[in-house]
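Structure, as structure tokens:
Only this structure's heavy atoms are used, side chains among them; waters, hydrogens and symmetry mates stay out. Below, chains carry the letters A, B, ... as their sequence lines are ordered, and counting in each starts from 1.
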Number of protein chains: 2
Amino acid sequence: MVKTFLSKNKLILLYGLSSAILLFVLKWLELKFVIMQNAFEIYAGCIALLFMGLGIWLALKLSKPKKETIIIEKEVFIKDTSDFVLNEKEIEKLGISKREMDVLQLMADGLSNQEIAERLFVSLNTIKTHSSNVLEKLDVKRRTQAVEKAKRLAIIH
Amino acid sequence: MVKTFLSKNKLILLYGLSSAILLFVLKWLELKFVIMQNAFEIYAGCIALLFMGLGIWLALKLSKPKKETIIIEKEVFIKDTSDFVLNEKEIEKLGISKREMDVLQLMADGLSNQEIAERLFVSLNTIKTHSSNVLEKLDVKRRTQAVEKAKRLAIIH
DNA sequence: TAGCGATTCATCCTAAAGTGTGAATTTGAT
DNA sequence: ATCAAATTCACACTTTAGGATGAATCGCTA
């Protein structure tokens with residue numbers, strides 16, 4: 001609890017400490033120079049410098065960092081799918097179910113089985129099952145082939 | 001040209017001006033309080049406050065803003081694969097080599113790394129290296145994503 | 001010729017994908 | 001209500017993919 005207090009009020013404590021030290025220095029300077037009244041400007045200059053330094057330090061420490069936003073426009077290529085017609089006959093012919101289609105589409109989007117599982121709120125094992133079924137029904141060995149074939153057959157985008 | 005000089009050195013001029021004004025104030029204060037020697041601390045305090053203020057102001061004005069980059073994705077529609085033109089600019093921009101392109105194309109054809117290795121008469125490890133490089137250069141995590149992105153960027157069929 | 005990028009290959013390790021089998025539950029149609 | 005298909009999940013296991021690192025070779029170029 002003492003630790004959290006210290007860390008939370010670190011800056012304030014530092015400020016207080018600095019002020020105390022500076023007051024000491026001030027007093028010392030006063031004693032030193034009180035004899036030679038003509039050293040007025042030197043005294044004032046020292047104080048000015050010290051406190052300006054303190055001010056700069058304080059401002060840098062306490063001020064929220066300024067943010068300058070740089071906006072970079074990045075081109076993202078998107079395939080025009082306006083003239084896409086879903087080949088439902090092919091889907092039916094292959095005997096692919098709705099859920100399997102969902103998984104197939106997400107596979108084509110480049111998601112991992114784990115990500116698909118999270119997206120569809122089911123377990124990884126379930127997606128593996130669907131995935132296996134899709135691969136078998138499309139008569140392919142890997143998901144990359146499945147995606148390629150599915151796109152060729154126009155059963156997904 | 002005068003204008004640019006002014007704008008360029010605005011802060012420095014401001015600082016100089018402030019200093020001049022403060023010196024005046026100092027002199028005035030000196031004249032005012034030189035009679036009552038006991039007002040030493042008040043004088044010092046005023047200087048301290050003024051210069052601390054100046055320090056804070058200076059720091060806030062001169063501190064460099066932290067840059068924050070925001071990337072905005074801009075959609076760009078590309079043509080259908082029927083009138084496919086290889087996007088060589090993109091390939092060069094991404095720094096993908098000839099051999100890596102070979103591997104990428106075969107990956108898109110749904111071949112496994114082993115099959116690609118056999119096709120190109122090199123070892124499996126070599127294909128893994130190329131594959132990893134391609135994934136990194138395309139900034140994706142899986143080969144399905146790589147294929148999808150590469151097709152979108154029109155760097156493969 | 002010294003340096004650089006590209007290509008090749010290796011080893012070790014982790015993560016993801018895929019196979020096979022079995023089973024509980026849900027849903028739709030007869 | 002019942003049967004078939006669909007959906008869900010588990011577990012054990014194999015294969016494939018991917019990451020990190022180091023290193024040898026080759027061709028091109030300053």
Side-chain angles (χ1 to χ4, degrees), chain A residues 86-153 155-156, chain B residues 86-153 155-156:
Chain A
L86 201 140
N87 192 345
E88 296 190 56
K89 272 179 279 177
E90 199 63 43
I91 297 174
E92 200 179 350
K93 193 161 78 186
L94 294 168
I96 300 177
S97 70
K98 271 170 257 156
R99 207 52 163 171
E100 286 163 356
M101 281 299 300
D102 293 342
V103 174
L104 179 56
Q105 180 60 64
L106 292 174
M107 266 170 51
D109 292 340
L111 300 200
S112 66
N113 286 339
Q114 183 62 62
E115 288 167 339
I116 296 172
E118 285 162 13
R119 186 76 69 91
L120 298 181
F121 304 106
V122 294
S123 85
L124 173 60
N125 286 312
T126 302
I127 300 304
K128 283 188 174 185
T129 302
H130 290 322
S131 167
S132 272
N133 291 335
V134 167
L135 296 187
E136 195 181 352
K137 287 173 181 175
L138 280 173
D139 189 32
V140 293
K141 285 197 158 51
R142 277 169 293 281
R143 56 169 51 208
T144 44
Q145 289 179 339
V147 169
E148 200 257 352
K149 188 159 188 176
K151 283 185 178 175
R152 205 154 32 80
L153 296 175
I155 64 180
I156 57 167
Chain B
L86 202 139
N87 193 344
E88 295 191 55
K89 272 179 278 176
E90 199 63 42
I91 297 174
E92 200 180 349
K93 193 161 80 183
L94 294 170
I96 300 178
S97 70
K98 273 170 257 156
R99 207 52 163 169
E100 285 163 356
M101 280 300 298
D102 294 342
V103 174
L104 179 55
Q105 180 61 63
L106 292 174
M107 265 170 51
D109 293 340
L111 300 201
S112 68
N113 286 340
Q114 183 62 61
E115 288 166 340
I116 296 173
E118 285 162 13
R119 185 78 68 93
L120 298 180
F121 303 106
V122 294
S123 83
L124 172 61
N125 285 311
T126 303
I127 300 303
K128 281 188 175 185
T129 302
H130 290 320
S131 165
S132 271
N133 290 335
V134 168
L135 294 187
E136 195 180 353
K137 286 173 182 175
L138 281 174
D139 189 31
V140 294
K141 287 199 156 53
R142 277 171 293 281
R143 55 170 51 208
T144 44
Q145 290 179 338
V147 169
E148 199 255 353
K149 188 162 188 176
K151 283 185 177 174
R152 237 181 334 110
L153 295 174
I155 64 181
I156 55 167

For nucleotides 20-30 of chain D, 5' to 3', base contacts (B), sugar-phosphate-only contacts (S) and non-contacts (-) with protein non-hydrogen atoms under 4.0 Å give -----------
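Rotation axes derived from the C1' atoms of the five outermost pairs at either end of the helix from C/dT1-D/dA30 to C/dT30-D/dA1 lie 50° apart, to the nearest 10°.
When every heavy atom of A/Ile116 is checked against every heavy atom of A/Ile127, the shortest pair comes out as CG2-CD1, 3.7 Å.
Without hydrogens or angle criteria, B/Lys149 side chain to B/Leu138 main chain gives a donor-acceptor distance under 3.5 Å.
A salt bridge (charged side-chain N to carboxylate O under 4.0 Å, His left out) check over residues 107-128 of chain A, counting only residues at least two apart or in different chains, returns the pairs A/Glu115-B/Arg142.
Here the side chain of B/Lys128 is nearest to one of C/dC9, D/dC9, D/dA17, namely D/dA17. If you check C/dT11, C/dT8, C/dG18 against the side chain of B/Thr126, the one that comes closest is C/dT8. Among the nucleotides C/dA10, D/dG18, C/dT8, the one closest to any side-chain atom of B/Leu135 is D/dG18.
Annotation: proximity of residues 94-118 of chain B to DNA chain C (heavy atom, distance under 4.0 Å) is found for B/Ser97, B/Lys98, B/Arg99, numbered in ascending order.
In this structure B/Thr126 satisfies the side-chain contact (heavy atoms from CB on, under 4.5 Å) test together with B/Val122, B/Ser123, B/His130, sequence neighbours excluded.
In this structure, A/His130 reaches the D/dT8 phosphate: one of its side-chain N or O atoms is under 4.0 Å from OP1 or OP2.
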Under 3.5 Å, side-chain donor or acceptor atoms of residues 91-101 of chain A against the rest of the protein: list the pairs with distances, not counting sequence neighbours.
{"residue": "A/Ser97", "atom": "OG", "partner": "A/Glu100", "partner atom": "N", "Å": "3.3"}
{"residue": "A/Ser97", "atom": "OG", "partner": "A/Glu100", "partner atom": "OE1", "Å": "3.3"}
{"residue": "A/Arg99", "atom": "NH2", "partner": "A/Leu120", "partner atom": "O", "Å": "3.3"}
{"residue": "A/Glu100", "atom": "OE1", "partner": "A/Ser97", "partner atom": "N", "Å": "2.9"}
{"residue": "A/Glu100", "atom": "OE1", "partner": "A/Lys137", "partner atom": "NZ", "Å": "2.8"}
{"residue": "A/Glu100", "atom": "OE2", "partner": "A/Lys137", "partner atom": "NZ", "Å": "3.1"}

